[in-house]
Amino acid sequence: MKVSGVDLGAIAEEFGTPTYIIDFKRVRKNYMRLDKALNCPHVIAYAYKANYEPQLVRMLALMGSGATVPSAYGVMLAMWAGVPPEKVVLVGPSPSRQDLEEAVMYKALISVESESEVEALGRIGKARVMIRVNTGVGAGAHPSLITGGQKTKFGLPPSRALSLARFLGSTMEVEGFHTHIGSQILSAEPFKKAVELLTKLARDLGKVNVIDMGGGLGIPYLNEKKFPLEEYSQVVCRASENIGALLVIESGRYIVGDAGYLLTRVNYVKEVGKEKWLLIDAGMNDFLRPALYNAKHRITVDKEKPKEKYLVAGPICESADLFGEYDLPKLGEGDLVVIRDVGAYGFSMASRYNLRPLPAVVAVDNGKYNLLRERENFGRAIFG
Ligand SMILES: Cc1ncc(COP(=O)(O)O)c(C=O)c1O
């Protein structure tokens with residue numbers, strides 16, 4: 001299989017497996033499609049948590065992208081990538097003192113989510129802030145991906161967000177309101193409801209400079225429809241223009257999701273009764289989404305029919321280390337298996353669970369490839 005003119009088999013041969021591939025050309029295309037669709041003053045503050053590979057975020061910064069970061073290290077990485085401070089947004093429900101200090105020092109925009117966070121911030125200094133609102137709207141492909149609605153730790157109810165914004169006016173630079181309703185959303189409808197509430201709050205407050213609609217734009221993993229980008233952009237642009245505010249979008253998955261591939265090889269095939277297990281060398285430590293969100297990803301192999309039913313699983317001593325049931329051509333030890341659409345929340349969620357090294361990461365771009373991250377060795381993985 002070739003991606004951006006590079007043969008993935010040759011990469012697996014040279015760097016071993018499991019190895020992540022990032023197609024930089026695809027990332028640029030995704031970013032430009034989103035940027036073009038947003039027909040109003042906007043900043044795409046790419047969500048670093050989706051994939052924080054330094055060369056990747058630097059390329060996006062060169063294209064004009066901002067950064068949504070969850071921590072002090074995220075702020076530092078955005079600075080390193082050359083993102084201007086006014087395009088950096090610190091977002092998280094419980095930032096540490098270091099997270100806040102770094103954001104204040106760099107003059108990043110801080111999304112505050114509680115009155116007690118504001119007190120802590122006040123002890124650090126004057127900051128540029130927006131208030132994160134729980135609009136009551138939540139959406140996403142799995143309960144753990146929903147960040148708005150009932151019983152959520154995120155944001156403040158609208159009336160409290162408004163009171164806090166009024167109260168803060170004299171001590172902080174209050175830029176506006178923020179929400180992030182969830183992730184892997186495939187309809188514009190929930191965004192419409194959320195943006196209506198944010199614009200109402202903005203009007204009640206008077207003037208705001210920014211409304212930040214968070215991320216959440218989904219991608220088709222299997223047979224889902226594409227995200228309705230035009231409809232979404234009309235909805236959010238109309239709202240932000242009506243109140244004369246800059247629109248901030250914190251998209252992650254939409255920009256990098258389909259640009260990632262996980263190269264893995266078959267270790268063993270094991271038959272028990274009617275079940276045929278395809279045991280591959282990548283596991284939930286390398287790629288967590290199936291175990292965490294019950295997510296199913298496309299798998300591609302370089303073989304033809306006849307197809308067989310396999311339960312595809314990794315090497316980790318957990319029954320949750322399962323990629324799902326697949327109809328695949330007959331495979332055997334050493335065959336290459338490519339897990340698709342792993343560019344978002346892939347490497348960035350990887351761990352060393354079961355004493356395994358973090359995998360290698362390779363960039364491909366217009367027929368060329370480049371090792372971004374070596375597979376960890378014993379010393380690095382175990383002793384740190
Ligand atoms: C506050 C915030 N913004 C943006 C994102 C990015 O979301 P997505 O990758 O779905 O665009 C997330 C993801 O969880 C988030 O929590």
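As a basis for the values below, the full set of heavy atoms in this structure was taken, side chains included, without hydrogen atoms, waters or symmetry mates. When a ligand or atom number is given, it counts from 1 through the structure's own listing order.
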**Distance-only donor-acceptor check, side chains Y310 and E275, under 3.5 Å** = no
**Asked** What about Y293 and Y345, are their ring centers closer than 6.0 Å?
**Response** no
Donor-acceptor contacts, no H, no angles, side chain residues 351-359, under 3.5 Å, sequence neighbours left out:
from	atom 1	to	atom 2	distance (Å)
S351	OG	Y353	N	3.2
R352	NE	E376	OE1	2.9
R352	NE	E376	OE2	3.4
R352	NH2	E376	OE2	2.7
Y353	OH	E318	OE2	2.4
N354	OD1	C317	N	3.1

**Asked** Any luck finding a side-chain donor-acceptor pair between T179 and R132 under 3.5 Å?
**Response** no
**Any F154 heavy atom less than 4.0 Å to ligand 1** = no
**Prompt:** Is there a heavy atom of G216 sitting under 4.0 angstrom from any atom of ligand 1?
**Reply:** yes
**Asked** Can you tell which part of R253 has a heavy atom less than 4.0 Å from ligand 1: side chain, backbone, both or neither?
**Response** both
**Item:** Residues forming a side-chain hydrogen bond (donor to acceptor under 3.5 Å, both in side chains) with S183, sequence neighbours excluded
**Value:** R253
**Check: R373 and F347 side chains under 4.5 Å, non-hydrogen atoms** = yes
**Prompt:** Are G214 and ligand 1 in contact, using a heavy-atom cut-off of under 4.0 Å?
**Reply:** no
**Any N/O pair Y254/ligand 1 closer than 3.5 Å** = no
**Asked** Any N/O of H178 closer than 3.5 Å to an N/O of ligand 1?
**Response** no
**Request:** May I ask you to identify, for S183, whether its side chain, its backbone, both or neither come under 4.0 Å of ligand 1 on a heavy-atom basis?
**Result:** both
